[in-house]
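Only one structure is covered here, and it is reproduced in the block below.
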Protein chains: 2
Amino acid sequence: MVARTDAPTRREQILKEAARLFAERGFHGVGVDEIGAAVGISGPGLYRHFAGKDAMLAELLVGISGQLLTGGKRRVAETDGDPEALLDSLIEGHIDFALDDRPLITLHDRELDRLRESDRKLVRQLQRQYVELWVEVVRKVYPGLAEPAARASVHAVFGLLNSTPHLSRPGALPGRAATADLLHRLARGAFAAAGEGAEGLS
Amino acid sequence: MVARTDAPTRREQILKEAARLFAERGFHGVGVDEIGAAVGISGPGLYRHFAGKDAMLAELLVGISGQLLTGGKRRVAETDGDPEALLDSLIEGHIDFALDDRPLITLHDRELDRLRESDRKLVRQLQRQYVELWVEVVRKVYPGLAEPAARASVHAVFGLLNSTPHLSRPGALPGRAATADLLHRLARGAFAAAGEGAEGLS
DNA sequence: GGCCGAAGTTAATGACCGTTAACCCACTTC
DNA sequence: GAAGTGGGTTAACGGTCATTAACTTCGGCC
């Protein structure tokens, strides 16, 4: 986890601005000229860096799914054998992502259908692995929870954690640390309720 | 709550199909010809029923926000004075909506920015009132919870409850009743955790 | 100092799409 | 039974937009 100090490449600038714009107005809602303008070049100039508008979206979505999964796997490896701590770690990681990369989180579950078949399959596969990773951990912490219920709970908690972008513009939140803490408690509370409700049924 | 038995009007058919298509591929992603085809008429025929594509989206979004708020207010009036029961009632109502009108729920927080200024303001106002209604109830049940935290929690729980459309196509769920029950428990658990974490701080 | 490739530029192309125009029926209604 | 109207139709228009073509600029590099 080395901090990058070098300047972002033009390619990275473009991806970042494209993510923001796509999140704000939808993939079909922004034109290439706008994306170009956001990084100080004009529309067709983008084609020196990407094969097309689709390619930008694809790279963004694959990147997000990959990062989430990679981060999740890393946490599994680091926190060996303690499901409680691991669940906390996963939650923390997801919250960091949701709070620090809002546009990406928004895109993630919104524009998947705009991808070419092959890219979409790849993204879905990465997403599925990430979910499975959570499901396993959740079921270790709450052994009474059946798999379908665990999976649905994980999806629901993702919805909860990803809700921050919908909060009426940055101002309304109680500060980043407090927000992260609140989200963490909400997520744990939700899982706990699911686990308790199902106890003794296994 | 009288059940409608008469056939839906052409207008209602159009709205329903438009909602489904907008939810699937985004407002800009579907053409009027497609919407027309979905109800058996051809593109421009829609203009006998709506002023334009924008008007359909506007009517959908205003309708959703209005229904949610109206339903919420009704529950407040019906369940007088018992905050616990009222919170359960609100959760139940929202779940019914999320499970029965998936496309609308999806649209609700996704395409708001595609509206004319005036419509957008109206929808936002309705949404805000709905949130405030929940916030009040939540704070009665958990008096220790500060208002910003309560508001953030409510938003987060909406994200949780609205997560069902993201579940990989209808099959994966454990049946409608079980799903509703699970979501209800998850939501209550989340609120409880938020409330407990803040107790004694008021 | 001439070459070259990377990174831009503007102009043009072609597709798509929302909307309007002009026309057509099948009912109802007096 | 003539008239009007609600609900369609197809064809055309105009704008937007992704993409391509053709051309420029400029910083290394042998």
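Naming convention: chains lettered A, B, ... in sequence-line order (proteins, then strands); numbering from 1 in each chain. Heavy atoms only: backbone and side chains are in, while hydrogens, waters and symmetry mates are out. Keep in mind the model is a prediction, meaning the values are calculated, not measured.
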To the nearest Å, give me how far apart CZ (Phe27(B)) and P (dT16(D)) are. 16 Å
Hits for salt bridge (charged side-chain N to carboxylate O under 4.0 Å, His left out) against Glu24(B), two or more places apart or cross-chain, chain-then-number order -> Arg20(B)
Taking heavy atoms of chain B and a 4.0 Å limit, find me the 5'-most and 3'-most nucleotide of DNA chain C within that range. dG18(C) to dC23(C)
My understanding is that only residues two or more places apart in sequence, or in another chain, count here; which of them pass salt bridge (charged side-chain N to carboxylate O under 4.0 Å, His left out) with Asp82(B)? none
Would you please name every residue forming a salt bridge (charged side-chain N to carboxylate O under 4.0 Å, His left out) with Asp100(A), sequence neighbours left out? Arg176(A)
Heavy atoms within less than 4.0 Å of DNA chain D: which residues of residues 41-49 of chain B have one? Give them sorted by number. Ile41(B), Ser42(B), Pro44(B), Gly45(B), Arg48(B), His49(B)
Glu147(A): what forms a side-chain hydrogen bond (donor to acceptor under 3.5 Å, both in side chains) with it, not counting sequence neighbours? Arg151(A)
Considering only distance and modelled atom types, tabulate donor-acceptor pairs under 3.5 Å from the side chains of residues 41-59 of chain A, sequence neighbours left out.
{"from": "Lys53(A)", "atom 1": "NZ", "to": "Phe27(A)", "atom 2": "O", "distance (Å)": "2.9"}
{"from": "Lys53(A)", "atom 1": "NZ", "to": "Val30(A)", "atom 2": "O", "distance (Å)": "3.0"}
{"from": "Glu59(A)", "atom 1": "OE1", "to": "Arg11(A)", "atom 2": "NH2", "distance (Å)": "3.1"}
{"from": "Glu59(A)", "atom 1": "OE2", "to": "Arg11(A)", "atom 2": "NH1", "distance (Å)": "2.7"}

Residues that Glu136(A) engages under side-chain hydrogen bond (donor to acceptor under 3.5 Å, both in side chains), provided they are two or more places apart: none
Which whole-number value in Å describes the distance from Lys53(A) NZ to dT16(D) C1'? 11 Å
Can you measure Asp33(B) atom CG to dT10(D) atom P for me and round it to whole angstrom units? 10 Å
Looking at Arg120(B) and Arg114(B), would you say the former's side chain and the latter's main chain have a donor-acceptor pair under 3.5 Å? no
All salt bridge (charged side-chain N to carboxylate O under 4.0 Å, His left out) counterparts of Glu84(B), not counting sequence neighbours: Arg188(B)
Looking across every strand, which nucleic acid part, if any, lies under 4.0 Å from Val30(B) by heavy atom: base, sugar-phosphate, or nothing? sugar-phosphate
For atom NE2 of His28(B) and atom P of dG15(D), their distance in whole Å: 19 Å
